[in-house]
Amino acid sequence: MAGNQAGDEAREWYSSGILVRLRGMVQSLRPAERRVALAVLADPQGVADRPIGQLARECGTSETTVLRFCRSIGLRGYPELRIALAREATLEASRAGGEPPADGDISADDSLEQMVAKIGFSGARAVAETAEHLDVEALEKAVAAVVAAHRVDLYGASASGIVAADLHQKLHRIGLLAFTWPDFHGALTSAALLREGDVAIGISHSGTTVDVVEALRVAADHGATTIAITNFDPSPITALADIVLKTAARETVFRPGAMGSRLAQLTVVDSLFVGVASRRAYTDTLTALEDTFRAANIRHAAATPKRRR
């Protein structure tokens, strides 16, 4: 009885965030199952209303493949998928104040006002869904590892590199020894010097960025605790990570991963930093923040022009 209840609770968790989970798994699915996944992501409400045979025909596959797809994403069958998608559509509508939610996709016919509204909607949704589905247990482990670390290495490329630099600045401000490596020869040599008790954090939206994955691999080989921040699990970077922190960003035509992932990654980074800051000695953290603020503020004051009398 208890086992059945636990299984039902697990399936309820999967179905309650089915689209977030699906976006994170789509790259790892078999080609035929991936076609079904893309159809679901493109029109969740429509799939919720379709019989299994119609969906199979539209995806150029069989009903058996659709059932296999359902099991691959943690559901028992197609009826459970339809219920989960209907629930998601209802939640989306309630978040949008009862109106049909915008999809965030920008078209050539959109006005500038519409573009701004869609960008705002997509960004807010990425932050909200990432916060809602972030694995708190994994976050606790990541916080504990960083708090106890002798040093922290941060790896990221392009927009993820900007996020890595943001986390570096935050950790450095509270007195932690942290390094970020935009040059990946530097990243590899630094990773080779890490040892047990150190932490390496790799940030990659796709989970496939070769430079980031390779740096994390070298760090793992030398005994460091490895943390991955990514939108896709499983992926090459998660295979190397002791701890995985997942984002929930949605890509659109004009907002690919380099833009759409940034707010989601910053949500995870801020959660990690606040957790680390709160676990360290409170007075030490406050003193470090005050000292660094005061040092920077002196420069601001010196640069402020005096008013003429």
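The shown structure was predicted, so the numbers you read here are calculated from the model rather than taken from an experiment.
Shown here is Arg30, whose CZ atom has no more than 12 heavy atoms of other residues, nucleotides or ligands within 6.0 Å. Remark: His222 NE2 is packed, more than 12 non-hydrogen atoms of other residues, nucleotides or ligands lying under 6.0 Å away.
Here the side chain of Asp198 pairs a donor or acceptor atom with the backbone of Arg195 at under 3.5 angstrom. Arg280 places no side-chain N or O within donor-acceptor distance of the main-chain N or O of Gly175, the cut-off being under 3.5 Å. Without hydrogens or angle criteria, Asn231 side chain to Ala249 main chain gives a donor-acceptor distance under 3.5 Å. In this structure, the side chain of Thr226 engages the main chain of Asp242 through a donor-acceptor pair within 3.5 Å.
For the atom pair OG1 (Thr130) and CG (Leu266), the distance works out to 10.5 Å, reported to the nearest 0.5 Å. With rounding to the nearest 0.5 Å, the separation of CZ in Arg76 from CG in Leu81 is 12.5 Å. Note that CD1 of Ile237 is 6.0 Å distant from OG1 of Thr230, once rounded to the nearest 0.5 Å. Here CD1 of Ile229 is found 8.5 Å from OG1 of Thr247. Values are rounded to the nearest 0.5 Å.
Inter-residue side-chain proximity for Met25 and Ser28 is flagged as met; some heavy-atom pair is nearer than 4.5 Å. Looking only at side-chain heavy atoms (C-beta outward), Ile227 and Val146 come within less than 4.5 Å of each other. Using a 4.5 Å heavy-atom threshold, the side chains of Val26 and Phe232 count as touching.
Linking Ile, Leu, Val, Met, Phe, Trp and Tyr residues whenever their side-chain heavy atoms come within less than 4.5 Å places Phe273 and Ile243 in a single cluster. Linking Ile, Leu, Val, Met, Phe, Trp and Tyr residues whenever their side-chain heavy atoms come within less than 4.5 Å places Val143 and Val274 in a single cluster. Under the 4.5 Å side-chain heavy-atom criterion for grouping Ile, Leu, Val, Met, Phe, Trp and Tyr, Val268 is not connected to Val20 through any hydrophobic cluster.
The existence of a salt bridge linking Asp221 and Arg217 is excluded, since no basic side-chain nitrogen approaches an acidic carboxylate oxygen closer than 4.0 Å. For Glu140 and Arg279, the salt-bridge test passes: some basic side-chain N is under 4.0 Å from an acidic carboxylate O.
The residue from Pro236, Ser204, Ser235 that alone fulfils the side chain to side chain contact (heavy atoms under 4.5 Å, CB included) condition with Thr209 is Ser204.
Side-chain contact of Gln265 with Ser160: a donor-acceptor pair under 3.5 Å is present, judged by distance alone.
Annotation: side chain to side chain contact (heavy atoms under 4.5 Å, CB included) contacts of Asp153 (sequence neighbours excluded): Arg151, Tyr155, Phe179, Trp181, Ser190, Leu194.
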Open item on the list: Checking His150 against Leu177 for the side chain to side chain contact (heavy atoms under 4.5 Å, CB included) test, could you report, in this order, the C-alpha distance in whole Å, the side-chain angles of both residues, the deciding distance, and whether it holds?
Closed with: CA-CA 7 Å; His150 301 139; Leu177 186 63; over 6 Å; no
